[in-house]
Q: 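I have a structure I would like to understand better, so I am pasting it below and will then ask my questions one at a time.
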Protein chains: 2
Amino acid sequence: MREAGRIGVTELAGLTGASEMTIRRDLEVLADQGVLERYRGGARSLLLRGEEPPFALREQEGLDVKRRIAAEVSGLIADGESVVVDSGTTCLEVARVLEQRRLTVMPLSLHAVNALAGAPQVTLLVPGGQPRPGELALTGQLTTASLAALRFDTAVIGCCGLTAADGLTAYDLDDAAVKRAAIASARRVIAVAAAAKLSRTALAFVTPVAALHAVVTDDGAADEETDALAAAGVTVRKV
Amino acid sequence: MREAGRIGVTELAGLTGASEMTIRRDLEVLADQGVLERYRGGARSLLLRGEEPPFALREQEGLDVKRRIAAEVSGLIADGESVVVDSGTTCLEVARVLEQRRLTVMPLSLHAVNALAGAPQVTLLVPGGQPRPGELALTGQLTTASLAALRFDTAVIGCCGLTAADGLTAYDLDDAAVKRAAIASARRVIAVAAAAKLSRTALAFVTPVAALHAVVTDDGAADEETDALAAAGVTVRKV
DNA sequence: GCTTTCGAACATGTCAGATGTTCGTTATGG
DNA sequence: CCATAACGAACATCTGACATGTTCGAAAGC
């Protein structure tokens, strides 16, 4: 459906090998999530350009790349550090890796909070805030106030776009404010960004590239993008 | 084991009808939770007097009573109100009932946060803080600061002990501080307490009974206890 | 050294969730 | 207005995860 924009139930059943009833049931779930719209005989995508697909979909996508990035980030962090971990699916993988470490961690989404809630070695700090539906990213005055009250060794920040020219950008204005607060409260800032993010710019400006200390991306990143980042004084790691 | 303090594996197998292997496995889980200590041939309880059993056990106990109390509390709250809901198993049931309501809710434990995270009609406010292991009650400066920044219509407060003479008391000092902050931020305070709590006094003093507006308990509560509360000016409901 | 307990490994049972099938109902195009 | 295809409720079936039982070699305690 992502390729064609719309697709029929019978067609989907043929492609997947599942029965039409199962296709209908799955489409109903996705329609409830707001991903697509049903019409008689098929469904059409509701994802506009510039809009994020829902969390449940993004979480599965490129999981191996995210895990590699997360492992690299973990290697940049020393035992005993205090770390603030941003919202988003890549940062969720970072949180999952940090579960095994002896650290003080403040995650900025409830997904990551739950991932770390049982970790015996982690001192978990929960920020206040209003969780955005689906994403469960914590936002608002309570979140920025929680961040302003603390100082971290390292901030791990996700993004929707990252270029040398436009800096680090996000889709959501509230998220952007939280990211800024997290960056302001940390001595060192590590940005994580799958290769696709490096050629994009999203709506909300967060910070210029100069404020970042390191960027971890994957080996699919174009050299021209990473060279431009390096020229701005950022350490770039491709994994 | 609660009666005898210690018990043998063979004895437990005979009492329950389960195999010894199952008994061993279950005892291992409880030992990991810190409830008991294994020795060759049996196990002895590690629950000291005055100490709380772990969350997973308390959650199952008297579930029907807690649900009745929770339903009654929900009836005392009007649509559109802002409510702060305390930690603890009884308050978790309150949160589960409020999931269906149109309200602004700040839960004081991560269990309740998760219960409300998917509720479409609820405006969810997460307080900052450090979750206590198991309980996942949020505590500390961040929690009291989050509460101090807001004013609620109603606070639903749980307790470990509640008597007219000693007031509302809790086992944990940090919890007590959070409860006080919640009470200070609410116009109206509803205490929930299963009958057994009404004859008890725990370590940490929270507030005198006079600061409460209503107490919801169950029909197992002794009249002398509830009469004493009513004499202090509190509305008492037995369900 | 003997008996009892332990726990790893495998076999079995059980339950919830996903999937498939059937069939009466409903929407849409001609 | 009807014929046809799509729909979705109800039921049957499948499947995988988890709890339980069994066996047997190893370890602990007397």
Side-chain angles (χ1 to χ4, degrees), chain A residues 1-46 53-61 63-64 67 92 96 99 111 114-115 117-120 134 136, chain B residues 1-2 4-46 53-61 63-64 67 92-93 96 99-100 111 114-115 117-120 134:
Chain A
M1 182 182 306
R2 239 186 245 183
E3 289 162 15
R6 53 176 14 236
I7 195 164
V9 170
T10 314
E11 195 177 348
L12 272 172
L15 285 169
T16 60
S19 72
E20 295 197 0
M21 189 64 225
T22 299
I23 298 295
R24 282 194 206 100
R25 274 191 278 242
D26 290 352
L27 288 179
E28 192 188 343
V29 171
L30 291 168
D32 283 344
Q33 291 181 12
V35 187
L36 53 81
E37 189 182 39
R38 285 302 312 275
Y39 59 85
R40 195 172 179 83
R44 99 186 92 250
S45 175
L46 280 180
F55 190 85
L57 287 183
R58 284 184 293 133
E59 195 190 349
Q60 299 306 321
E61 232 162 54
L63 201 52
D64 52 335
R67 295 234 168 102
L92 176 54
R96 287 183 175 143
E99 195 199 344
H111 288 301
N114 288 327
L136 298 190
Chain B
M1 183 181 306
R2 241 186 242 181
R6 56 185 1 243
I7 195 165
V9 169
T10 314
E11 194 176 351
L12 272 172
L15 285 168
T16 60
S19 73
E20 296 196 359
M21 190 63 227
T22 299
I23 298 295
R24 279 192 207 102
R25 274 191 278 243
D26 290 352
L27 288 179
E28 193 187 343
V29 171
L30 292 167
D32 283 344
Q33 290 181 13
V35 187
L36 51 81
E37 190 182 39
R38 283 302 312 275
Y39 59 84
R40 194 170 182 84
R44 98 187 92 248
S45 173
L46 281 179
F55 190 86
L57 287 183
R58 283 184 295 133
E59 195 189 352
Q60 299 307 322
E61 234 162 53
L63 200 52
D64 53 334
R67 295 233 167 102
L92 176 55
E93 291 308 316
R96 287 185 174 141
E99 195 198 344
Q100 304 300 326
H111 288 301
N114 288 327

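Residue numbers begin at 1 in each chain, while the letters A, B, ... track the order of the sequences.
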Q: OP1, OP2 of dT19(C) versus side-chain N and O of T22(A): anything below 4.0 Å?
A: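 No, because none of the side-chain N or O atoms of T22(A) sits under 4.0 Å from OP1 or OP2 of dT19(C).
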
Q: Tell me: CD of E28(B) to P of dG7(C), nearest whole Å?
A: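 So the two atoms are 6 Å apart, to the nearest Å.
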
Q: Answer yes or no: is there an ion pair linking R96(B) with E93(B), defined by an N-O contact shorter than 4.0 Å?
A: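 E93(B) and R96(B): salt-bridged.
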
Q: To the nearest angstrom, how far is I23(B) atom CD1 from dA19(D) atom P?
A: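 Going from CD1 in I23(B) over to P in dA19(D) covers 15 Å.
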
Q: Report yes if a donor N or O on one partner sits less than 3.5 Å from an acceptor N or O on the other, where the partners are the side chain of R24(B) and the base of dT20(D); otherwise report no.
A: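 Looking at the base of dT20(D), it does not pair with any donor or acceptor on the side chain of R24(B) (distance under 3.5 Å).
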
Q: Does the dT28(C) base have a donor-acceptor partner in the side chain of R40(A) within less than 3.5 Å?
A: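 Flag unset: no donor-acceptor pair detected.
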
Q: Checking contacts here: which listed nucleotide (dT19(C), dG21(D), dC6(C)) is nearest the side-chain heavy atoms of D26(A)?
A: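 Looking only at side-chain atoms, D26(A) lies closest to dT19(C).
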
Q: Within this structure, what is the CG-to-C1' distance between L27(A) and dT19(C), rounded to whole angstrom?
A: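 Distance check: L27(A) CG to dT19(C) C1' gives 15 Å.
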
Q: Please tell me if R25(B) has a side-chain N or O lying less than 4.0 Å from either OP1 or OP2 of dG21(D).
A: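 Indeed not, no polar side-chain atom of R25(B) lies that close.
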
Q: Can a side chain N or O of R38(A) be found less than 4.0 Å away from OP1 or OP2 on dC7(D)?
A: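 Looking at the OP1 and OP2 atoms of dC7(D), one of them is under 4.0 Å from a side-chain N or O of R38(A).
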
Q: Let me know the distance between CG of L12(A) and P of dC7(D), rounded to the nearest Å.
A: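 Nearest whole value for this atom pair: 11 Å.
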
Q: Minimum heavy-atom separation for E59(B) to L92(B), with atom names?
A: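 In this case the closest contact between E59(B) and L92(B) is OE2-CD2, 3.8 Å.
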
Q: Would you call E28(B) and R24(B) a salt bridge, taking side-chain N to carboxylate O under 4.0 Å as the test?
A: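 Salt bridge flag = no for R24(B) with E28(B).
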
Q: Go through it in stages, so that I can follow the logic: the residues are T16(B) and T22(B), the test is side chain to side chain contact (heavy atoms under 4.5 Å, CB included), and I'd like the CA-CA distance, side-chain angles, deciding distance and then a yes or no.
A: CA-CA 10 Å; T16(B) 60; T22(B) 299; over 6 Å; no

Q: The side chain of M21(A) is closest to which nucleotide in this list: dT19(C), dG8(D), dA8(C)?
A: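 My answer, after comparing the listed nucleotides, is dG8(D).
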
